[in-house]
Amino acid sequence: MCSRFFYFWFYLFLRDEMNYWLMKSEPDDASIDDVLAMSGQTIAWYGVRNYQARNFMRDAMQVGDGVLFYHSGCAVPGIAGLAEVASTPYPDDTQFDPKSKYFDPKAERENPRWMLVDVRALRKTRLIGLPELRQQEALAEMQILRRGNRLSITPVSAAEWRHIAKLMKA
DNA sequence: GCCAACGTTGGC
DNA sequence: GCCAACGTTGGC
């Protein structure tokens, strides 16, 4: 099942098409407003410590891919902005920093375990909350809406992307 | 704060 | 390689 999943995304990668993603951030940590206020409106997507999410950044993302900026772990979780992938993958520095809460004692400089990409915020959108997302028949298959989904980075289909783009204007 | 879901760890 | 225990995520 895992390998089928992998080959599907590798296939998309080889087709060299634009891919779409949803990336969760806790607004207390880095909100869409915070990133828009940063230099270049760009943030290194540090702190991912899940292999599947890491693999998306390391193996599947391409510069220019579309990103739905999602606020989680807050009063009103939902899609809060539009962003894009802004770099190729490189090591997450926080894995080497003993003072960081993302420190990984098993990570080695010569053999980094955690990779990230830069994400550039494009604009804030109206907040599209979970209840509204769940109402959309076109989004019934979205990974983020599946029961028990905890993955912080998930692929979004082109059809889902277009539907959400329309919702943002509504 | 609760709890379901799921990933990781470590003993065997 | 199995699987129980444990930790984390994240909506509510």
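By convention in this document, chain letters (A, B, ...) are assigned in the order of the sequence lines, proteins followed by strands, and residues within each chain are numbered from 1. In this text, all values refer to a predicted model and were calculated from it rather than measured experimentally.
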I'd like to know whether CD of Glu137(A) has more than 12 heavy-atom contacts from other residues, nucleotides or ligands below 6.0 angstrom. no
The test is side-chain hydrogen bond (donor to acceptor under 3.5 Å, both in side chains); show your working for Thr94(A) and Asp97(A) and say whether it passes. CA-CA 5 Å; Thr94(A) 62; Asp97(A) 176 5; over 6 Å; no
Would you check if the side chain of Lys24(A) reaches a backbone N or O of Leu151(A) as a donor-acceptor pair within less than 3.5 Å? yes
Tell me if the aromatic rings of Phe69(A) and Trp21(A) count as close, with their centers under 6.0 Å from one another. no
I need a per-nucleotide contact map over nucleotides 6-11 of chain B, read 5' to 3'. Cutoff is protein heavy atoms under 4.0 Å; write B for the base, S for backbone only, - otherwise. BSS---
Only one of Asn50(A), Asp93(A), Asp104(A) forms a side chain to side chain donor-acceptor pair (under 3.5 Å) with Trp114(A), so which one is it? Asp104(A)
